[in-house]
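Counting convention: from 1, in listed order, for ligands and their atoms alike.
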Amino acid sequence: MSQFWSQRTHDLTPYVPGEQPKDMEYIKLNTNENPYPPSDKVLAAIQAASDEGLRRYSDPIGNELKQAIADYYDVDISMVFFGNGSDEVLGHTFAALLKQDAPLLFPDISYSFYPVYCKLFGIESIKVPLNENFEIDINDYSIENGGIIFPNPNAPTSKALPLADIETLVQKNPNSVIVVDEAYVDFGGETAVLLTKKYPNVLVSQTFSKSRSLAGLRVGFAIGSPELIEGLERVKNSFHPYTLGKPALAGATASMLDVETFEKNRDALIATRDWSTQALTDLGFEVTPSSTNFVFAIPPEGHNAEDLYLALKAKGILVRYFKAPRIDKHLRISIGTNEEMQGLINALKSIIS
Ligand SMILES: *Cc1c(COP(=O)(O)O)cnc(C)c1O
């Protein structure tokens, strides 16, 4: 509290990122980072961009990065926007596209940044409960001249909504902006990019932080109709035109072009996720089949999620526990390397027995 804060600052409820403790070396399975390093090509591009040229401003337009994204997804370059992490892309999206006459709808269990942006930008919102299977029921989403946002696959449930359902949702809501936050789509969801070519009101956001091993570089992007993208550019250029520094532009472009490393790491992660799901199930966990790089799991009978989280932390393994309605019996466990997941399974065996 301070007399120097504006009323809006007093009223904010800031986002709290997953812990990044420095007191010891943890097996970090709590923030859905990728366990594999960025490729040599990406690191070389970042290093090559880190020279005396840094005295000059970076390119505010970033057409090379935009073109690499446009080519990968087979869309026109006018349909691509990028920012300093998809959190910034989402922030600009809330400001540019989601403050409408009618409220913004999003699931009660989803990315906890959405309500934070609503407060920051003064956007009225309605939380729509997931059904009893923790799924989005598209029949629950109907709004005229408003907005809808949800992660697909959803976090922390790890469940994906089929593309056909998203298209039905879009057709039912032609006068509202529909944002599909695809932070995890590469691990098992169907991207809605196709819909951005058919419908002017669909925006897809993605990130380099999860499937492309670049959380620390801070790059995210969005794909949508040229009119939605132009709206985002207007807000970006009213706030901070040089979103990405030169190393980030170069690294993200190289990453987008390095399809081979991307696919290899994605496939390895999915294989680790699948055996880890089985190993947790064998230990008595109830594990939701995951379309993401994490699993959402209920511990075996007689074991409480918060206690398990603390016991794992004491053994040097960090997972995520949410003390929140409906999900306080679950743990969210990011998928690490095979060795890290074996370490988790061994630790759980010794705690549980
Ligand atoms: C991780 C995540 C983001 C943010 O990603 P950054 O690009 O690192 O800002 C956005 N949405 C969801 C659902 C996420 O899990």
Side-chain angles (χ1 to χ4, degrees), residues 14-20 28-35 38 42 62 65 69 80-95 98 104 106-118 120 127 130 134 136 147-161 166 178-189 191-192 203-223 232 236 240 243-245 248-249 251-252 255-256 262 266 269 273 290-296 319-320 322 324 327 330 332-335:
Y15 179 76
V16 184
E19 57 191 328
Q20 308 273 12
K28 259 193 101 267
L29 306 175
N30 69 326
T31 49
N32 299 341
E33 291 146 327
N34 199 300
V42 170
L65 174 56
I69 296 167
V80 180
F81 178 80
F82 64 78
N84 201 241
S86 64
D87 283 340
E88 188 188 69
V89 171
L90 290 170
H92 289 332
T93 301
F94 275 69
L98 296 178
L104 174 67
F106 52 82
D108 62 336
I109 299 165
S110 77
Y111 191 33
S112 51
F113 222 128
Y114 304 153
V116 175
Y117 287 131
C118 285
L120 178 63
K127 286 187 181 171
L130 295 181
F134 273 3
I136 291 171
I148 298 171
I149 185 168
F150 55 91
N152 192 47
N154 197 5
T157 66
S158 78
K159 289 195 171 190
L161 192 63
I166 299 178
I178 295 165
V179 180
V180 188
D181 178 352
E182 295 188 345
Y184 301 104
V185 75
D186 294 322
F187 300 109
T191 180
L203 190 81
V204 167
S205 79
Q206 291 197 8
T207 176
F208 285 78
S209 297
K210 316 280 167 55
S211 58
R212 296 178 186 276
S213 302
L214 290 171
L217 200 64
R218 309 304 305 130
V219 188
F221 62 94
I223 296 175
L232 293 173
K236 175 206 143 196
H240 177 210
T243 356
L244 296 188
L249 282 168
S255 165
M256 210 67 215
F262 164 73
R266 176 199 60 195
L269 190 135
R273 176 187 76 202
S290 169
S291 300
T292 62
N293 67 336
F294 57 86
V295 291
F296 200 48
V319 300
R320 191 88 186 252
F322 299 95
I327 53 171
H330 287 78
R332 192 195 71 186
I333 304 169
S334 309
I335 302 301

**Prompt:** Aromatic ring centroids of Tyr184 and Phe294 under 6.0 Å?
**Reply:**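 Ring centroids of Tyr184 and Phe294 are less than 6.0 Å from each other.
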Nearest non-hydrogen protein atom, [atom]:
| atom | answer |
| --- | --- |
| atom 5 (O) of ligand 1 | Ser86 OG, 3.1 Å |
| atom 15 (O) of ligand 1 | Tyr184 OH, 2.6 Å |
| atom 13 (C) of ligand 1 | Asp181 OD2, 3.4 Å |
| atom 1 (C) of ligand 1 | Lys210 NZ, 1.4 Å |

**Asked** Any side-chain heavy-atom pair from Asn32 and Arg332 closer than 4.5 angstrom?
**Response**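 When only atoms from C-beta onward are counted, Arg332 and Asn32 do touch, with a gap below 4.5 Å.
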**Message:** Taking the side chain as everything from C-beta on, heavy atoms only, tell me whether Phe322 gets closer than 4.5 Å to Ser112.
**Reply:**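 Contact flag for Phe322/Ser112 side chains = no.
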**Prompt:** Which ligand 1 atoms are under 4.0 Å away from a heavy-atom of Gly85?
**Reply:**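 Atoms satisfying the 4.0 Å criterion: 7 (O), 9 (O).
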**Request:** Check ligand 1 against Arg218 and write out every atom of the ligand that is under 4.0 Å from a heavy-atom position of the residue.
**Result:**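 Answer for ligand 1: 6 (P), 8 (O), 9 (O).
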**Message:** Heavy-atom contact check, 4.0 Å cutoff: does Gly220 meet ligand 1?
**Reply:**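 No.
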**Message:** If we only consider heavy atoms of Phe208, is any one of them less than 4.0 Å away from an atom in ligand 1?
**Reply:**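 So Phe208 does not count as touching ligand 1.
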**Request:** Assess whether side-chain hydrogen bond (donor to acceptor under 3.5 Å, both in side chains) is satisfied between Asp87 and Tyr15, documenting all intermediate values.
**Result:** CA-CA 11 Å; Asp87 283 340; Tyr15 179 76; over 6 Å; no
If we set the cut-off at 4.0 Å for heavy atoms, which region of [X] has an atom near ligand 1: side chain, backbone, both, or neither?
| X | value |
| --- | --- |
| Ser209 | side chain |
| Glu88 | neither |
| Asp87 | both |

**Asked** Would you say the side-chain atoms of Asp181 pair up with the backbone N or O of Phe150, donor to acceptor, closer than 3.5 Å?
**Response**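 No; zero donor-acceptor contacts below 3.5 Å.
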**Asked** Backbone N or O of Ile109 within a donor-acceptor pair of the Asn154 side chain at under 3.5 Å?
**Response**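 At least one qualifying donor-acceptor pair exists.
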**Asked** Among Tyr114, Phe221, Tyr111, which one has a heavy atom closest to atom 10 (C) of ligand 1?
**Response**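 Looking at heavy atoms only, Tyr111 sits closest to atom 10 (C) of ligand 1.
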**Asked** Quick one: CZ on Phe81 to OG1 on Thr93, what's the gap to the nearest 0.5 Å?
**Response**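 Nearest 0.5 Å value for the CZ-OG1 distance: 7.0 Å.
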**Item:** Nearest heavy-atom neighbours spanning Arg320 and Val16
**Value:**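 Residues Arg320 and Val16, closest heavy atoms: NH2-O, 3.7 Å.
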